[in-house]
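So the structure is just underneath, and the comments pick up after that.
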Amino acid sequence: MATQDELKQAVAQAAVDYVAAHVPAGSIVGVGTGSTANFFIDALAKIKDRISATVASSEATKKRLEGHGIKVLDLNEVTSMPVYVDGADEITAKLEMVKGGGGALTREKIVAAVADKFICVCDESKLVGTLGKFPLPVEVIPMARAYVAREIIKLGGQPKLREGFVTDNGNVILDVHGLQIADPAGLETTLNGLVGVVTNGLFACRGADLLLLATPSGVKQMAR
Ligand code: 5RP
């Protein structure tokens, strides 16, 4: 029986194989954050001469990429990117996701927005019928924390401040418990409309385009 790390490693390698087969040589690749993304970075290092550079979705990812001698560009220098590869905390068969367990949701959403294709890499424990069991991260400007928490309670969620955590953008995270998210795109839009919210961890308005899902019987592909 494969361990969860072995599954993550297998799906990370499948994503690198995808990049090698489908992405034009010399392209820029967007890179996500988290343990699965870390396995992707380590595997990407083996084909680093095939790509021109990367864009990182967090300071941690930037450091790991540079540690492998992979060039990292500021997103503002980049006009197009064929793919963005990242993990998720939960994903549905419609490829809507909850992300931000690592607190990098805002930069992840920004880098993903520039990419033509979002490739999600997960082990099968992340595939769910309904989003919301994993607490939904919401990045908030610090002075708006209490106001946004009160508004989230009105929406039926139970917000909990992620203690001792500051995002790469200098903000705080409210992890929202107790949600059963029937309309992910609707909730994503509603939460983003609250003053003081920077972004939230629902990736539904722009979900993944391709899911590479690691299972004990191999890596499966699901497309939108
Ligand atoms: C970080 C994220 C990650 O993609 C998500 O938390 C999944 O991480 P892991 O691959 O470690 O399970 O959104 O902000």
Heavy-atom closest contact ([X] atom, [Y] atom, distance):
X: N169; Y: R107; answer: OD1-NE, 2.9 Å
X: A14; Y: V219; answer: CB-CG1, 3.9 Å
X: L105; Y: P137; answer: CD1-O, 3.6 Å

With the threshold set at 4.0 Å, does a side-chain nitrogen-carboxylate oxygen contact exist between [X] and [Y]?
X: E188; Y: K109; answer: yes
X: D209; Y: K117; answer: no
X: K63; Y: E66; answer: no

[X] side chain near [Y] side chain, heavy-atom distance below 4.5 Å:
X: H68; Y: D42; value: yes
X: Y18; Y: L210; value: yes
X: V176; Y: Q158; value: no
X: V19; Y: V29; value: yes
X: V55; Y: I28; value: yes

If only side-chain N and O atoms count, and only distance matters, is there a donor-acceptor pair under 3.5 Å linking [Y] with [X]?
X: T199; Y: E139; value: no
X: T3; Y: D5; value: no
X: D74; Y: N76; value: yes
X: Q13; Y: D17; value: yes
X: K71; Y: T54; value: no

T92 (side chain) donor-acceptor with T130 (main chain) under 3.5 angstrom
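Side chain of T92 to backbone of T130, a donor-acceptor pair under 3.5 Å: no, none is there.
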Check: E90 side chain, K133 main-chain N or O, donor-acceptor pair, under 3.5 Å: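 Yes, E90 side chain to K133 backbone: donor-acceptor pair under 3.5 Å.
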Within 6.0 angstrom of [X] [atom1], more than 12 heavy atoms from elsewhere:
X: K126; atom1: NZ; answer: yes
X: R206; atom1: CZ; answer: yes
X: E77; atom1: CD; answer: yes

Positive for side-chain contact (heavy atoms from CB on, under 4.5 Å) with K99, one of D86, L136, I91, T33
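Only one option passes, and that is D86.
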| message | Would you compute the distance between atom CD1 of I119 and atom NE2 of H22 and round it to the nearest 0.5 angstrom? | response |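 If we round to the nearest 0.5 Å, I119:CD1 and H22:NE2 are 8.5 Å apart.
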Between Y147 and R150, is there a cation-pi geometry (under 6.0 Å to ring centre, at most 45° from the normal)?
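Here R150 fails the 6.0 Å and 45° test against Y147.
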